[in-house]
Amino acid sequence: MSRHDIVIVGGGAAGLATAASILKRKKTLDVVVVDPATKHYYQPGWTLVGGGVFKAPQTERQMGDLIPRGATWKKASVASFQPDQNTVSLDNGEELSYETLVVAPGLKLNWAGIDGLEETLGKNGVTSNYRYDLAPYTWELVQSMKKGRALFTQPPMPIKCAGAPQKAMYLSCDAWLRRGVLKNMEVEFHNAGGVLFGVETYVPALMEYVNKYGIDLCFFDNLVKVDGDRKVATFARTKDDQTDMIEREFDMMHVCPPQTAPDFIASSPLANEAGWVDVDQHTLTHNKYDNVFGLGDGASTPNAKTAAAARKQAPIAAVNILQHMAGKAPRAMYDGYGSCPLTVERGKIVLAEFGYGGALLPSFPSWVLDGTKPTSSAWFLKETMLPPIYWKGMLKGKEWMVKPSLLKQSA
Ligand code: FAD
């Protein structure tokens, strides 16, 4: 068994940013990042791949090139946790022991949760921006369509980037409008939830686009089955405590899959009842094991599951981890910040930024960038600024605009 100061589970947005933020503060620590993936993806870019703005390879890097200097990469999957012994077991039979554990495994896209979906993904007009290999197919379909019915689906919450299903829809409609074919299209948004977006402030701006594009909003519609050959989708429609099965034929369908905690987390002693890593929503410390921290999409914190949230959380986790290792109380608190750049048309974005309880947390004063309105400056931020902020800032421990403010040190 090898012994380490810090073991980080997951080398995604949250795991790598945390490793970088820890090592920036204390270079001498022995930090291991455990992740089986050879590739790391900038998933926020997939919306722009599906919208024909980015090429898929722009969103992909080799994991080995991103592991922060001073950290070691263990290319394996974590299979189970023994928090009482301070050990994790890997799928290759190895065990690692730690002083502090960081759990950042992302979430599970449950494609199999929809009957018939996996068999037809990538063909028969069925696509999803939620997968690297499928996002280009979204743009292919959008370009080839001249008329017909396009369905866009959204499963029950929580999902990562809750705006992504409708971002795909708006960019598709915009492309059809520009080509003069939108008038021949029937566009439907089937949402398992009952609102267009969870924070009301942004809804009026989004509704303007729903009306402009002539989108039919179908709330409380949960996709349960896809027959790819017949091009028919089945939705469970719940109204007044009654659920009916509705069939809709389609020419194109963009699916956002249902999402859950990863199985190896849900079945572990670290999980809460819903399966997520059970942490305090402010300190990111585990509610039972004080040498365990959790952040990113896999954590129980009730924020919008976004890379923007992970960017804010990582330095906070780093501060509180080092505090804990020094035998001191947490000094950094997470306010629930997350961000969702809603691509309402090519060149314009409604930039939703909010924290716990839907509190608005804009990064800029409204005279610079008003997030409640569609702006080209927010598009510039998303297309031009955010990718380098991710690759060169967040993953390297440069905490641009997310440096945590620290509570006074208790004696
Ligand atoms: P991930 O980045 O998914 O990383 C999880 C890592 O854990 C992976 O590398 C995985 O291999 C590893 N792992 C899994 N199981 C194990 C195991 N057993 N052992 C070890 N390692 C394991 N966010 C935004 O901020 N803005 C956006 O505009 C935006 N748009 C999005 C659009 C789409 C289509 C999608 C799919 C996502 C979008 N997001 C957006 C969300 C954002 O990408 C995620 O919130 C972010 O990547 C979460 O980081 P994470 O580290 O928690 O998970």
Side-chain angles (χ1 to χ4, degrees), residues 7-19 32-51 54 59 61 63 66-67 73-81 88-92 96 102-109 127-132 134-135 138 158-168 171 254-257 259 261-268 276-277 294-299 301 303-314 317 337-343 349-353 378 381-383 386-387 389-390 394-395:
V7 169
I8 298 181
V9 181
L16 290 187
T18 307
V32 177
V33 178
V34 186
D35 196 313
T38 47
K39 303 278 172 61
H40 174 110
Y41 296 102
Y42 177 58
Q43 300 168 38
W46 293 350
T47 294
L48 296 187
V49 174
F54 284 176
T59 67
R61 297 277 192 281
M63 183 70 84
L66 295 177
I67 301 295
W73 175 27
K74 173 75 69 181
K75 191 179 173 325
S77 291
V78 169
S80 63
F81 298 89
V88 296
S89 305
L90 309 186
D91 62 346
N92 61 10
L96 306 181
V102 180
V103 191
L107 51 67
K108 171 178 157 181
L109 298 175
T127 189
S128 180
N129 288 349
Y130 276 75
R131 242 173 57 182
Y132 174 80
L134 292 175
T138 304
I159 61 172
K160 56 178 156 185
C161 195
Q166 58 188 297
K167 294 186 207 176
L171 286 181
H254 179 277
V255 178
C256 173
Q259 302 172 30
D263 297 333
F264 79 109
I265 299 293
S267 62
S268 79
W276 307 100
V277 185
L295 71 161
D297 292 350
T301 52
N303 56 279
K305 293 185 183 296
T306 57
R311 191 159 72 86
K312 188 88 193 272
Q313 291 169 344
Y337 175 84
S339 156
C340 191
L342 292 137
T343 50
I349 277 177
V350 171
L351 182 61
E353 291 181 285
L381 186 74
K382 165 95 183 157
E383 184 186 5
L386 287 177
I389 286 175
Y390 182 83
M394 175 174 169
L395 300 191

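As the structure lists them, so they are numbered: ligands from 1, and atoms in each ligand from 1.
Listed by chain and number, the residues in a ring pair (Phe, Tyr, Trp, His ring centres under 6.0 Å) with Tyr130 amount to none (sequence neighbours excluded). Residues that satisfy the ring pair (Phe, Tyr, Trp, His ring centres under 6.0 Å) test with Tyr41, not counting sequence neighbours, are Trp46, Tyr132.
Per-residue contacts place Asp297 under 4.0 angstrom from the following atoms of ligand 1 (heavy atoms of the residue considered): 44 (C), 45 (O), 46 (C), 48 (C), 52 (O). Within ligand 1, counting atoms from 1 as listed, the ones closer than 4.0 Å to a heavy atom of Asn129 are 34 (C).
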Determine, stepwise, if the pair Val78 / Leu90 fulfils side-chain contact (heavy atoms from CB on, under 4.5 Å).
CA-CA 4 Å; Val78 169; Leu90 309 186; 3.8 Å; yes
Where do Gln43 and Lys160 land on the side-chain hydrogen bond (donor to acceptor under 3.5 Å, both in side chains) test, with the steps shown first?
CA-CA 10 Å; Gln43 300 168 38; Lys160 56 178 156 185; 2.6 Å; yes
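Some N or O of Lys382 is nearer than 3.5 Å to an N or O of ligand 1, by distance alone. Close N/O approach between Ala307 and ligand 1 is found [any backbone or side-chain N/O within under 3.5 Å]. Close N/O approach between Ala308 and ligand 1 is found [any backbone or side-chain N/O within under 3.5 Å]. Residue Val78 places at least one N or O, backbone or side chain, under 3.5 Å from an N or O of ligand 1.
Remark: minimum distance from atom 51 (O) of ligand 1 to any protein heavy atom is reached at Ala14 N, 2.8 Å. For atom 2 (O) of ligand 1, the closest heavy atom belonging to the protein is Ala13 N, 3.3 Å. Of the protein's heavy atoms, Cys161 CB, 3.5 Å lies nearest to atom 31 (C) of ligand 1. For atom 33 (C) of ligand 1, the closest heavy atom belonging to the protein is Gln43 O, 3.7 Å. For atom 4 (O) of ligand 1, the closest heavy atom belonging to the protein is Gly12 CA, 3.2 Å. The shortest contact between atom 13 (N) of ligand 1 and any protein heavy atom is with Pro105 O, 4.0 Å. The protein non-hydrogen atom at the shortest distance from atom 12 (C) of ligand 1 is Asp35 OD2, 3.1 Å. Given atom 22 (C) of ligand 1, the protein heavy atom at minimum distance is Pro36 CD, 3.8 Å.
The two residues Met63 and Leu16 make their nearest non-hydrogen contact at SD-CD1, 4.3 Å. The minimum heavy-atom distance linking Thr306 with Asp297 is given by the pair N-OD1, 3.9 Å.
Not close to ligand 1: Ala310, with no non-hydrogen atom less than 4.0 angstrom away.
A cation-pi arrangement is absent between Lys108 and Trp276, since the terminal nitrogen or guanidinium carbon is not both under 6.0 Å from the aromatic centre and inside a 45° cone about the axis.
When non-hydrogen atoms are compared, ligand 1 lies under 4.0 Å from the side chain of Lys167 (C-beta onward) but not from its backbone.
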